[in-house]
Amino acid sequence: MILPPNTAQELLHRAQQLAGLTLQELAQQLNIEVPHDFSRDKGWGGILLERALGATAGSRPEPDFPALGIEMKTLPISSIGQPLETTFVCVAPMKGMTGEHWETSALRHKLDHVLWVPILAEKHLSPAERQIGSAFLWRASAEQELALRQDWEELMELLSLGRVERINAHLGQFMQLRPKAANGSVKTDAIGANGELVQAQPKGFYLRTSFTQWVLRQQFAPE
DNA sequence: GTTTGATCATAA
DNA sequence: TTATGATCAAAC
């Protein structure tokens, strides 16, 4: 059991110490078994890094490092540093969100301060072979926050106006809504076309790779 | 049953 | 080749 870091600087330092390790090497240090593929362990890499850094275990509606207000996210990248997957942020409120504002939204709080941990994760690399990259702390620039805010407001308006069935992953320039559930039969309450409650597929906010690419460029190739 | 951690599988 | 829609396991 690794204790949480006391400062953001300590967290960053710990994360940077892991750069260059493969996931197998890190798992070995922590006595954790490595899956042969991700088909039944999709979140394994993220959980491994959380444990290694002393994040609070378990799934709770608060940052991974509550005392620091910092969220950790792994980011699978190619050998030339391009994000290979979208990044899940949080589930979307499907009802009772009247009067919700960007400033107080769960999404904004989740992304307030993020420790990004790039992972070299090309498809031909097994979980064991994937390699930890150079972690960094991030806060959205004014431009980035505006971009997310515009997508959030557009998508939340559709949800609150009962247009849930019209939503698909094509909407949103930098952030999209996609299904987020164990399978397609899972339903939750949502607002219907006439303001009534209807059953709909739970959805989550995901950052497009265009957004995380922007984050990486800001960090590693400014200007 | 819901939210966390995400990647998979295949349509486009 | 890329992105959408679907899915998997653990924690709670």
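Letters A, B, ... are given to chains in the order of the sequence lines, protein chains preceding strands, and every chain is numbered from 1.
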Can you tell me if A:Lys73 touches the phosphate of B:dG5, counting only side-chain N or O atoms and a distance under 4.0 Å to OP1 or OP2?
yes

In whole angstrom, what separates A:Lys203's NZ from C:dA6's P?
8 Å

Rounded interatomic separation in angstrom, taking CG from A:Leu177 and C1' from C:dA3
15 Å

For the side chain to side chain donor-acceptor pair (under 3.5 Å) test, which of A:Glu153, A:Gln150, A:Glu145 pairs with A:Trp102?
A:Glu145

Angle class for the A:Phe211/A:Phe174 ring planes (parallel below 30°, perpendicular above 60°, tilted otherwise)?
perpendicular

Are A:His36 and A:Pro127 side-chain neighbours, meaning at least one heavy-atom pair lies under 4.5 Å?
no

Any idea which of C:dT4, B:dT2, B:dT7 is nearest the A:Ala169 side chain?
C:dT4

Take A:Trp138 and A:Gln144 through the side-chain hydrogen bond (donor to acceptor under 3.5 Å, both in side chains) test and state the conclusion after the steps.
CA-CA 11 Å; A:Trp138 169 84; A:Gln144 288 169 338; 3.2 Å; yes

Nearest of C:dT7, B:dT7, B:dG5 to any side-chain atom of A:Glu85?
B:dT7

Any idea which of B:dT7, B:dG5, B:dT3 is nearest the A:Arg130 side chain?
B:dT7

Under 4.0 Å between any heavy atoms, over every strand shown, what does A:Asp37 touch: base, sugar-phosphate, or nothing? Just pick one.
nothing

Can you find a pair of side-chain heavy atoms, one from A:Leu120 and one from A:Leu125, that are under 4.5 Å apart?
yes

Given atom CZ of A:Phe65 and atom P of B:dT4, what is their separation to the nearest angstrom?
16 Å

B:dT3 base / A:Lys180 side chain donor-acceptor hit below 3.5 Å:
no

Which of these, A:Leu115, A:Leu11, A:Asn6, sits in a side-chain contact (heavy atoms from CB on, under 4.5 Å) with A:Leu68?
A:Leu11

Indicate whether OP1 or OP2 belonging to B:dA6 is found under 4.0 Å from a side-chain N or O atom of A:Thr74.
yes

For A:Met94, answer base if it contacts any base atom (sugar-phosphate contacts may also be present), sugar-phosphate if it contacts only those atoms, and nothing otherwise; contact means non-hydrogen atoms under 4.0 Å.
nothing

Closest-nucleotide ordering on DNA chain B, the 5'-leading residue of A:Thr87 and A:Pro202
A:Pro202

Rounded to whole Å, how long is the line connecting atom CZ of A:Arg208 with atom C1' of C:dT4?
9 Å

Between C1' of B:dT4 and CD of A:Glu50, the distance in whole Å
8 Å

Would you say the base of C:dA3 and the side-chain of A:Tyr206 have a donor-acceptor pair closer than 3.5 Å?
no

Min side-chain heavy-atom separation A:Ile132-A:Val117 under 4.5 Å
yes

Name the nucleic acid region contacted by A:Glu71, choosing base, sugar-phosphate or nothing; use a 4.0 angstrom heavy-atom cut-off, strictly under.
sugar-phosphate

Checking all strands, does A:Ala181 fall into the base, sugar-phosphate, or nothing category for heavy-atom contacts under 4.0 angstrom?
base

Once you apply a heavy-atom cut-off of 4.0 Å, does A:Gly43 come out as touching a base, just sugar-phosphate, or nothing?
base

Is the number of heavy atoms from other residues, nucleotides or ligands under 6.0 Å of A:Glu62 CD greater than 12?
yes

May I ask you to verify if any side-chain N or O of A:Gln201 is less than 4.0 angstrom from the OP1 or OP2 atom of C:dA6?
yes

Are A:Gln176 and C:dT4 close enough that a side-chain N or O sits under 4.0 Å from OP1 or OP2?
yes

Regarding the side chain of A:Thr188, the nearest nucleotide among B:dC8, C:dG5, B:dT2 is B:dT2

B:dT7 P sits how many Å from A:Arg178 CZ, rounded?
11 Å

Distance, rounded to the nearest Å, where A:Gln199 contributes CD and B:dT2 contributes C1'
14 Å

Output yes when at least one side-chain N/O atom of A:Arg40 is less than 4.0 Å from OP1 or OP2 of C:dA9, else no.
yes

Residues from residues 96-111 of chain A lying under 4.0 Å of DNA chain B - heavy atoms:
A:Lys110

Using only heavy-atom distances, determine whether the side chains of A:Thr209 and A:Gln82 contain a donor-acceptor pair under 3.5 Å.
no

Quickly work out the A:Phe88 CZ to C:dA3 C1' distance and round it to whole Å.
18 Å

